[in-house]
Amino acid sequence: MPGGRLTGQDRQHIAAGLAEGLGYTEIGKRLGRPASTIMREVTRNGGPDDYGADRAHEATRRRARRQRQDRPPAPPVPDGGHGRDPRAVQDFTESFTTLLIQQGLPRMEARVLACLYITDSGDLTAADLVKRLRVSPASISHAVAFLERQGMLKRERVPGARRERYVIDDGIWLPSLLAALRMNEDLAAASRRGAEILGPATPAGARFESSAELLLLLSEAFRQVMEQWQRNLAARNAEG
């Protein structure tokens, strides 16, 4: 299925596409997959000149078995006395991590963010993250630095200790949403300028004018939604 693991039949189609001289994009379209998925599959299995569907499928199965054997089970997520189903929480954490990766976050950064997001406190130390994710401190450090640059978490000193903790809050998505809003407004301004230069009475100018109208409506709706969310948040905090 698109977005799931490649099947043996998928790999046969990839091999056939390579034999036809097709590029990764065209092969991906035929399979309903991103070109990047096809490129990674071919690259780690001999490259375009030496790719074999059966050999690639068997190699993938061997890697999966080895990973299952080598990877220790993840420790259960602390429940905090809320009576949650640990298995359901773990499954959700994995699916949420996958979603973050699909949205463009690197894998380790997505794992760190998901790990923080599911905690009731919204904060963990580096040692907590190392223990929960079973990775090196260096991996955590790199991931945290990336997420901090994106405005998705912040560092705080643990009271009475030299350690830091990493914190997220309800506004985690605001920086990326504001960046999208700025990009949308830049496109709207460029579209208005294009309509002026090309002339709104011409087909090309009319196309730019119509685009500018859509983008401006989106920006206005975007701002109203964020303002409403901030009012709702302030009201909840006041009640709490």
Side-chain angles (χ1 to χ4, degrees), residues 1-77 85-118 129-136 138-147 149-150 152-153 172-173 176-177 179-180 183:
M1 60 179 291
R5 295 182 182 277
L6 290 169
T7 65
Q9 186 176 20
D10 291 333
R11 293 186 167 94
Q12 294 289 347
H13 285 304
I14 291 172
L18 292 172
E20 292 179 43
L22 300 178
Y24 297 140
T25 299
E26 184 57 36
I27 296 173
K29 286 180 180 178
R30 291 187 177 187
L31 292 177
R33 306 273 187 160
S36 58
T37 298
I38 309 302
M39 181 181 69
R40 286 195 299 270
E41 165 68 15
V42 173
T43 300
R44 68 173 168 235
N45 289 292
D49 296 327
D50 196 35
Y51 182 83
D54 294 337
R55 187 171 65 251
H57 196 61
E58 181 57 32
T60 301
R61 291 176 61 185
R62 286 198 303 271
R63 283 194 294 268
R65 284 198 300 269
R66 188 163 58 247
Q67 289 171 356
R68 284 195 296 270
Q69 292 168 357
D70 294 344
R71 185 184 303 149
V77 177
D85 179 352
R87 183 68 250 176
V89 172
Q90 188 63 37
D91 288 345
F92 171 74
T93 304
E94 292 174 1
S95 65
F96 188 64
T97 301
T98 299
L99 176 61
L100 293 175
I101 293 170
Q102 292 171 345
Q103 295 292 325
L105 272 182
R107 177 171 175 76
M108 182 52 62
E109 283 75 356
R111 293 184 68 199
V112 168
L113 188 61
C115 193
L116 276 165
Y117 214 158
I118 66 168
L129 289 165
V130 166
K131 182 179 179 180
R132 293 192 184 195
L133 299 178
R134 296 188 183 274
V135 295
S136 69
S139 297
I140 297 299
S141 178
H142 289 308
V144 164
F146 175 91
L147 293 169
R149 287 195 300 272
Q150 305 304 312
M152 304 183 83
L153 59 73
I172 181 175
W173 305 119
S176 58
L177 290 174
M183 183 182 300

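All values derive from a computational prediction rather than experimental measurement.
- With sequence neighbours excluded, the residues satisfying salt bridge (Lys or Arg N to Asp or Glu O under 4.0 Å) with R55 are D50.
- Residue pairs meeting the salt bridge (Lys or Arg N to Asp or Glu O under 4.0 Å) criterion with at least one member in residues 14-23, sequence neighbours excluded: E20-R30.
- At least one side-chain heavy atom of I14 sits less than 4.5 Å from a side-chain heavy atom of L6.
- Using a 4.5 Å cut-off on side-chain heavy atoms (C-beta onward), L113 and L153 make no contact.
- Contacts of T43 classified as side chain to side chain contact (heavy atoms under 4.5 Å, CB included), with partners at least two apart in sequence or in another chain: M39.
- In this view, D91 and R87 satisfy the salt bridge (Lys or Arg N to Asp or Glu O under 4.0 Å) rule, not counting sequence neighbours.
- The CG atom of L100 lies 11.5 Å from the CZ atom of R107; values are rounded to the nearest 0.5 Å.
- For A16, there are no side chain to side chain contact (heavy atoms under 4.5 Å, CB included) partners at least two apart in sequence or on another chain.
- With sequence neighbours left out, the side-chain hydrogen bond (donor to acceptor under 3.5 Å, both in side chains) criterion links T97 to no other residue.
- Listed by chain and residue number, F96, I168, I172, W173 satisfy the side chain to side chain contact (heavy atoms under 4.5 Å, CB included) test with Y117 (two or more places apart in sequence, or in another chain).
- Residues passing the side chain to side chain contact (heavy atoms under 4.5 Å, CB included) test with T25, sequence neighbours excluded: K29, A35.
- Applying the side-chain hydrogen bond (donor to acceptor under 3.5 Å, both in side chains) rule to Q150 yields no partners; only residues at least two apart in sequence or on another chain are considered.
- The residue from D10, T37, I38 that alone fulfils the side-chain contact (heavy atoms from CB on, under 4.5 Å) condition with I27 is I38.
- Under the side-chain hydrogen bond (donor to acceptor under 3.5 Å, both in side chains) criterion, H13 pairs with no residue, sequence neighbours left out.
- The side-chain hydrogen bond (donor to acceptor under 3.5 Å, both in side chains) test applied to Y51 returns E41, not counting sequence neighbours.
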